[in-house]
Protein chains: 2
Amino acid sequence: MNLKQLAGHLGLSPTTVSRALNGYPEVNEATRKRVAEAAQTHNYRPNTQAKRLATGRAMAIGHVIPISTQHEIVNPVFADFISGAGEVYSRSGYDMVLTIVPDDDEERAYRELRSKGNVDGIIVHGPKESDKRVALLNDIGLPYVVHGRCSGVEAPYSWVDVNNARAFQRATDFLLDLGHRRIALINGIDTMDFALRRLRGYSDALAARDVPLDPQLIVSGEMTEAQGHDTARDMLRLPDPPTAFLTASLLSAMGARRGIEEAGLRMGRDISILTHDDELGYLRNGTDEPIFTCTRSSVREAGRRCARMLLDQIAQGDASPRSELLEAVLVVGQSTGPVRRQG
Amino acid sequence: MNLKQLAGHLGLSPTTVSRALNGYPEVNEATRKRVAEAAQTHNYRPNTQAKRLATGRAMAIGHVIPISTQHEIVNPVFADFISGAGEVYSRSGYDMVLTIVPDDDEERAYRELRSKGNVDGIIVHGPKESDKRVALLNDIGLPYVVHGRCSGVEAPYSWVDVNNARAFQRATDFLLDLGHRRIALINGIDTMDFALRRLRGYSDALAARDVPLDPQLIVSGEMTEAQGHDTARDMLRLPDPPTAFLTASLLSAMGARRGIEEAGLRMGRDISILTHDDELGYLRNGTDEPIFTCTRSSVREAGRRCARMLLDQIAQGDASPRSELLEAVLVVGQSTGPVRRQG
DNA sequence: GGTAAATTCCAAACCGCTTTGAACTTTTTT
DNA sequence: AAAAAAGTTCAAAGCGGTTTGGAATTTACC
C-alpha cells in the first residue's frame with residue numbers, strides 16, 4: 001500500500017494525503033481525520049527510501065566503529081553505549097547504522113558515508129590523541145559528535161565526555177587520604193585519549209602531595225582480566241610493592257583482585273583497589289552495595305547524551321560545536337581501606 | 001556531484017553513465033573507461049536513497065536487539081557478533097541498521113521495518129523457547145536468519161547455531177571421565193533457547209552414565225561474575241558439594257573460580273571448572289594455552305555465517321530455509337583435573 | 001450582493017537514480 | 001551494395017514520496 005493507492009481509496013490527491021499525515025495546516029480537520037483512519041486500517045507507512053529522497057534527509061545516524069587491524073577488539077563499552085543512543089534515536093524516528101571499519105581505511109569510510117548520503121550525522125567512537133578524524137569530519141562537513149575528546153586537536157568539535165582527569169584525580173586523592181603512597185595505575189591503551197586523561201589526573205594528584213611518580217607502578221594496555229591479574233602479580237613481587245591499585249575497568253579490577261588473593265593478601269584489608277566503573281549491563285559492580293570502590297559513570301547515559309546532542313545539532317542546522325562534561329561519582333565499596341603498616 | 005551533472009560533464013546521457021558504472025555489457029569499453037575515470041576524479045558516488053528507491057532494494061540488514069524491559073541487559077556477545085556480521089556486510093555493500101527494542105513492542109518494530117521498507121532482511125537475536133517471532137516473520141514475509149534456534153517452534157526457519165547440546169554433553173562426559181560425579185551446572189537464563197539445550201546436553205550425559213541429576217546443582221540466571229561466585233560459594237557449602245562446575249560463560253567461570261579460591265580450594269586440583277567460551281574480544285581465556293578448559297566457538301564467526309546466509313537468501317530470492325550447525329571444540333586448559341578423593 | 005480573504009484541495013515538478021524501448025552506428029553476412 | 005545483425009547510445013518513464021504554484025470553494029466584510 002503506497003501513497004497513491006491510499007489517495008485513490010480516499011478519493012483524494014496524494015498531495016492532500018501526504019499533507020494530512022505530516023500535519024500541515026492547510027488541510028481540513030475532518031479530512032485529516034479520515035485520512036489518518038484510513039492510513040491506520042490499511043496499515044500504511046510511507047516508504048523510507050522515497051521519503052528520504054524527497055526530503056533530502058537520511059533520517060539515520062552513523063556509528064563508525066574502528067577495529068584495530070592488529071588486535072581486533074571491539075570495545076566492551078560499545079554495546080551499552082549503543083543501547084543508550086538507540087533509545088534516543090528510536091524516539092525521534094531515526095535509524096542507527098553501524099559501520100565496522102578496519103582502522104587503516106577509516107577515511108574512506110567517512111567520505112563514503114558522506115558522498116553516498118546515507119546518514120545525517122555521525123558519532124565518533126574511540127578518540128585517540130591528536131585524532132585526525134576531527135579535521136577530516138570538519139572538512140567533509142557532516143555533523144558529528146565525539147564520544148570522548150581528542151587531546152592535541154585544536155580545531156573545534158562537539159563532544160560528550162566523562163571528566164576522566166578529575167575522576168582519577170579524586171580517586172588518587174581518596175587513596176592518598178587513606179595513607180597510600182605506593183599507588184599503581186593499571187590503565188587502558190595509552191594512545192586512547194581517555195587513558196591519557198586518567199594518567200594526568202593520577203599524576204596531578206600525586207604531584208600535589210609531593211608523592212613521587214614511579215614508572216614501575218604504571219601500566220597500560222587492553223583492559224582485560226588477564227591484564228589486571230598479571231600486573232598485580234608482577235607488581236606485588238617488587239621490592240617496594242604498591243599498597244593500592246587504581247584500575248581503568250572492572251575487568252582489570254577483577255583480575256587484580258585475583259592477583260592479590262593469589263599472593264595470599266586480602267583485598268580491602270591488605271591491598272586496596274579502586275576502579276572506574278562504566279556501569280555495563282553485564283558487568284555489574286555488586287548488586288546494591290558496590291564490591292569495588294569506584295568512580296562511576298554510566299556509558300549508557302553517555303550514549304543518550306551524545307545522541308541527543310547530535311540530533312539537536314542536526315535539527316537546528318547549526319554547526320557551532322557543543323560539549324558536555326559528565327562528572328563521575330566516587331562510590332565507596334569494600335575494596336579500599338587504610339594503608340597497612342609494614343611488618 | 002550527481003549523475004546528471006557527471007553525464008553533462010562527459011557529454012553523455014545519464015543512462016549510459018549509469019550503465020557504464022554498473023557494469024552493463026552494452027557500453028563501449030572506451031567510454032566505460034572514460035566514465036570510470038571521470039567518476040573517480042569528481043569523487044562521484046551514487047546517492048544511496050535514490051539508488052534504493054530506483055532498485056527497490058534497501059541494501060541494508062536490520063538487527064533487532066531485544067532489551068528486556070526489566071533488567072535492561074545487552075547481551076555481552078552482541079558486540080562481537082555484530083563485528084563479524086559487519087565485516088560481511090561491508091564487503092557486499094550492505095549497511096547494518098540496529099534497532100533496540102524493548103521486548104514489549106517487538107512486533108511493532110518488525111512490522112514497521114517491513115512496511116517502511118528500510119531493510120532487505122533481518123537477523124533475529126536472542127531466540128527463546130517457542131519464540132513467537134518466527135511465526136511473525138514468516139507472516140510478514142521478510143527474509144531473516146535466527147542466531148540460535150527456537151525449541152518448540154514447528155514452523156520452518158533459517159538459523160545458524162552452535163551445537164550447544166552436544167558441546168555440553170561432551171563437556172559433561174569429559175568431567176565424568178575424570179571421575180567427577182557431582183557436577184554443577186551454572187547456566188544462562190532458562191527461557192533462552194541456548195540455555196535449554198545446554199541443560200539437555202548436560203542431563204543426557206549424566207543419564208547415559210546413570211549419574212543422578214541433582215536439582216541442587218543446577219542454577220540459571222544472568223551470566224555474570226557475581227552469579228558464578230555466589231553459586232560456587234553456596235554450593236561448596238552443601239553437605240555433598242560438587243567437585244566440578246560447568247559454566248555457560250567465561251564471566252561465570254571467573255566468578256566460580258573466585259568462589260572456589262575463597263573456600264581455600266584450588267581450581268584444577270581440588271575443583272574443576274569447564275566453561276563455554278565465546279571467544280569474545282575483550283574476554284579472552286588466556287593468551288595461548290587456555291586457563292579454563294572450555295568448549296569453544298567463536299561468536300564472531302557465527303556473526304559472519306549468519307550474515308552470509310542471509311545475504312545468500314536475499315540474493316537468490318529463495319525463501320527455502322537453511323541452517324548451519326557449528327560444532328564447538330573442546331579445549332583442555334588448566335582448570336580441570338581428576339576428581340579428588342575425599343579425605 | 002459583490003468583492004476580498006481565507007480555506008481547502010490538486011496537478012505537476014522534483015529528489016537522483018535505474019531501466020525499458022527505440023534510435024542511431026557500425027559491422028557482418030549474402 | 002543491400003540486408004541483417006550486432007554494438008552503442010539516448011529519451012523518457014518509472015520508483016514513492018514531498019512541495020510549489022495555482023485553482024476551486026467557503027467564509028468574511030462592506
Side-chain angles (χ1 to χ4, degrees), chain A residues 1-36 38-39 42-60 93-95 112-120, chain B residues 1-36 38-39 42-60 93-95 112-120 315 317:
Chain A
M1 168 69 61
N2 62 23
L3 183 63
K4 199 187 289 184
Q5 293 167 355
L6 184 62
H9 259 282
L10 286 160
L12 288 170
S13 75
T15 309
T16 305
V17 175
S18 169
R19 287 184 158 156
L21 292 173
N22 290 314
Y24 281 72
E26 61 268 73
V27 42
N28 193 322
E29 271 314 314
T31 49
R32 185 195 302 283
K33 200 166 159 229
R34 204 158 63 89
V35 170
H42 290 80
N43 193 30
Y44 165 78
R45 241 176 285 276
N47 179 285
T48 306
Q49 331 301 348
K51 190 166 195 156
R52 287 173 174 172
L53 179 57
T55 59
R57 291 181 311 153
M59 293 304 285
Y94 275 76
D95 279 348
E112 208 167 286
L113 235 37
R114 163 62 171 186
S115 55
K116 297 200 310 181
N118 41 6
V119 301
D120 295 323
Chain B
M1 169 68 60
N2 62 25
L3 183 63
K4 199 187 290 183
Q5 293 167 356
L6 184 62
H9 259 283
L10 286 160
L12 289 171
S13 75
T15 308
T16 306
V17 177
S18 169
R19 286 185 159 153
L21 292 173
N22 289 315
Y24 281 71
E26 60 269 72
V27 43
N28 193 321
E29 272 311 316
T31 50
R32 186 196 301 283
K33 198 165 160 234
R34 205 159 62 88
V35 169
H42 290 80
N43 192 31
Y44 167 77
R45 241 176 286 276
N47 178 285
T48 307
Q49 331 301 347
K51 188 165 198 157
R52 287 173 173 172
L53 179 57
T55 59
R57 292 182 310 155
M59 294 304 284
Y94 274 76
D95 278 348
E112 206 167 287
L113 235 36
R114 164 61 171 186
S115 55
K116 297 201 307 180
N118 40 5
V119 300
D120 295 323

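Every chain is numbered from 1 and lettered A, B, ... according to where its sequence line falls, protein lines coming before strand lines.
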Nearest-Å distance, [atom1] ([X]) to [atom2] ([N])?
X	N	atom1	atom2	result
L6(A)	dC10(C)	CG	P	13 Å
L21(B)	dT19(C)	CG	P	13 Å
L53(B)	dG16(C)	CG	C1'	9 Å
N28(B)	dT27(C)	CG	P	11 Å
R32(A)	dC9(C)	CZ	C1'	13 Å
Q49(B)	dG16(C)	CD	C1'	10 Å
L12(A)	dA23(D)	CG	P	21 Å
E29(A)	dC9(C)	CD	C1'	15 Å

Practice task
Find out whether R34(A) and L12(A) are in side-chain contact, i.e. whether some heavy atom of one side chain is under 4.5 Å from a heavy atom of the other.
Solution key: yes
With sequence neighbours excluded, tell me which residues meet side-chain contact (heavy atoms from CB on, under 4.5 Å) with [X].
X	result
A7(B)	P14(B), V17(B)
H42(A)	M1(A), L6(A), H9(A), A38(A)
R45(A)	N43(A), E112(B), S115(B), K116(B)

Going by atom type alone, with no hydrogens or angles, which donor-acceptor pairs under 3.5 Å involve a side-chain atom of residues 23-31 of chain B and a protein atom two or more places apart or on another chain?
from, atom 1, to, atom 2, distance (Å)
N28(B), OD1, A30(B), N, 2.9
E29(B), OE2, R32(B), NE, 3.1
T31(B), OG1, N28(B), O, 2.7

Short N/O separations, protein against nucleotides 17-20 of chain D, under 3.5 angstrom:
from, atom 1, to, atom 2, distance (Å)
dG17(D), OP1, N47(A), N, 3.4
dG17(D), OP2, L3(A), N, 2.6
dG17(D), O5', Y44(A), OH, 3.0
dG17(D), O5', N47(A), N, 3.4
dT18(D), OP1, N22(A), ND2, 3.0
dT18(D), OP2, S18(A), OG, 2.4
dT19(D), OP2, Y24(A), OH, 2.4
dT19(D), O4, T15(A), OG1, 3.2

Handout entry: Inter- and intrachain pairs under side chain to side chain donor-acceptor pair (under 3.5 Å), touching residues 47-59 of chain A, at least two apart
Key = R52(A)-D95(A)
Exercise for the section: Using a 4.0 Å heavy-atom cut-off across all strands, classify G117(B) as base, sugar-phosphate, or nothing. Expected result: nothing
